[in-house]
Amino acid sequence: MGLLAAGALALSPAVTARAVASGSASGSASAASATAAAGAGYWHTSGREILDANNQPVRIAGVNWFGFETNNYVVHGLWSRDYKSMMDQMKSLGYNTIRLPYSDDIFKPGTAPNSINFYQMNADLQGLTSLQVMDKIVNYAGSIGLRVILDRHRPDSSGQSALWYTSSVPESTWISDLTALATRYQGNTAVVGIDLHNEPHDPACWGCGDTTIDWRLAAQRAGNAVLGVNPHLLIFVEGVQTFNGSSYWWGGNLQGAGTYPVQLSVPNQLVYSAHDYATSVASQTWFSDPTFPANMPGIWGKNWGYLFDSNTAPVWVGEFGTTLASATDQTWLRALVQYLRPTAANGADSYQWTFWSWNPDSGDTGGILEGDWQTVDTVKDGYLASIKAPGFTGGSGGGTDTTPPSTPANLAVTATTATSATLSWTASTDNVAVTGYNIYRGSTLAGTTATTAFTDTGLTPSTAYTYTVKAFDATGNQSTASTPATATTQSTTSNTGCTAAYSVTNAWNNGFTATVTVTNTGTAATHTWKVTWTWPGSQQITNTWNAIESRTGQTETFTAQSFNAAIPAGGTASYGFQASFSGANPAPTPVCTAG
């Protein structure tokens, strides 16, 4: 969980895993459970809204369930409850999403979860690694209509870090572990996205340009790496502590995002995230302001709300919480819930949120559950009632659908260059629907696509690559691999050259058409070609066919289309255009180059 603005007393998260005596279930609050109407497939953004695969708006209204980031290496409470019963209870209370913190320790060989009760509960977790337990949680979440956001909370289990890297966990490890998770849950739409790093704070900056401390630039590097594995995941980017001398909660200051936005390689996958807390975490000046709580909307708006108000991007309050021990905290939570726009009034056109925390063992806030890990704190849960949202349809990972799609057929190589190979195949079928395709180069996942064509780039010239394709559905079922296809990239040492012949084919008052014939004079087929010239007169092209035309001043450039780029040795290709002129119409001198 989060800490602090500048000048606030430094605190520790105080989340100690402790054995809690098992108590009887209270049955307590029942859910604000509405019929799910949205949530299918992977999600994307449009302005300040998050949309599902069918472009239906969705709203994240969930809880943080921590523990994988601690030295238990697994969610807390499994010493008292079965993981499925806890997730069923989350759903029954009207929460639809779990933010799942972890540390990079869970990727280390030999790391094993501990403090799990396997007697008459959690039996299917016995003998599993931390990542395998995470698989179980993700899959069960998908099967009951919950979604999961993975949160890189700490570099290791010892504590939070100001920056995304430490001396023992470099940036390269951070990114490789993020992409490992994106690969692990490829095709499993229960995982809707990844929170790249929890609560960056001083000396982390936003927009300063120093790559060692500029969190915005680091988030772009990591976000693009994740999207390179799965371009359908949401990328959640938290704020920092201080921007231009103005400080706020750790991870809660997004003042710089308006001037210096995060720019990802895949559009419409960015969600900004803020953290916000009450006095049970730390006292802040705004709580003692005589205008409190009327001052709070302005403070929230300055730090993160303006991104929502301006329709820039969705804003997810990934953490907020309190013990509710003080009147100030009670007033703060009521004001924040109102600011987050009650669902009844605004539906999915609202802020996204996950409350800190589900666990009762967060020392600064407590949780939705009481210390027996069974009983619901109905007062705390009641504060959130007006902003809860329906569960989700289109469940994935571990759902009741266990039928995989059919195997993709007719995999073929349709084009190659020196550094790329383009593939196509026949669409698979599924008892529900095919969501997409994973393309493998040997045993390496080269990429994913929702269509039946894919171009693999960054290859080595004159090299053979073997590809297979697997289809997957919304539940995460994956087909068997297609029949392999081999692509050999072209050589960069081919002897290619060309000439271009220009001729006017028709002329009239102030107008004419012309044809240009490109001849390959080399000893190997061209990969592409280009013709340039400088007009000696006042000619202006009005229409072109069989080439791509561009003009700068008097200089014309024509490049090949995809269908006529490859000209065999000694062969020709032609293109034409229509143009106007005034005065004389002298012929230009074309220059041809080929590769």
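The structure presented is a predicted model; accordingly, all values stated were derived computationally and were not measured.
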Where at least one partner belongs to [range], residue pairs that pass salt bridge (Lys or Arg N to Asp or Glu O under 4.0 Å), sequence neighbours excluded:
| range | value |
| --- | --- |
| residues 537-561 | R551-E556 |
| residues 576-595 | none |
| residues 567-581 | none |
| residues 232-244 | R99-E238 |

side-chain hydrogen bond (donor to acceptor under 3.5 Å, both in side chains) involving [X] - partner list, sequence neighbours excluded:
| X | value |
| --- | --- |
| N268 | none |
| N506 | none |
| W164 | E171 |
| T452 | none |

Show every disulfide bond (SG atoms under 2.5 Å apart) that has at least one partner inside residues 181-217, sequence neighbours left out. C205-C208
Within residues 563-595 or reaching into it, pairs that qualify as disulfide bond (SG atoms under 2.5 Å apart) - sequence neighbours excluded: C498-C592
Determine which pairs satisfy ring pair (Phe, Tyr, Trp, His ring centres under 6.0 Å) with at least one residue from residues 433-459, sequence neighbours left out, and list them in order. W425-Y437
Report the residues that fulfil salt bridge (charged side-chain N to carboxylate O under 4.0 Å, His left out) with D456, sequence neighbours left out, ordered by chain and then residue number. R441
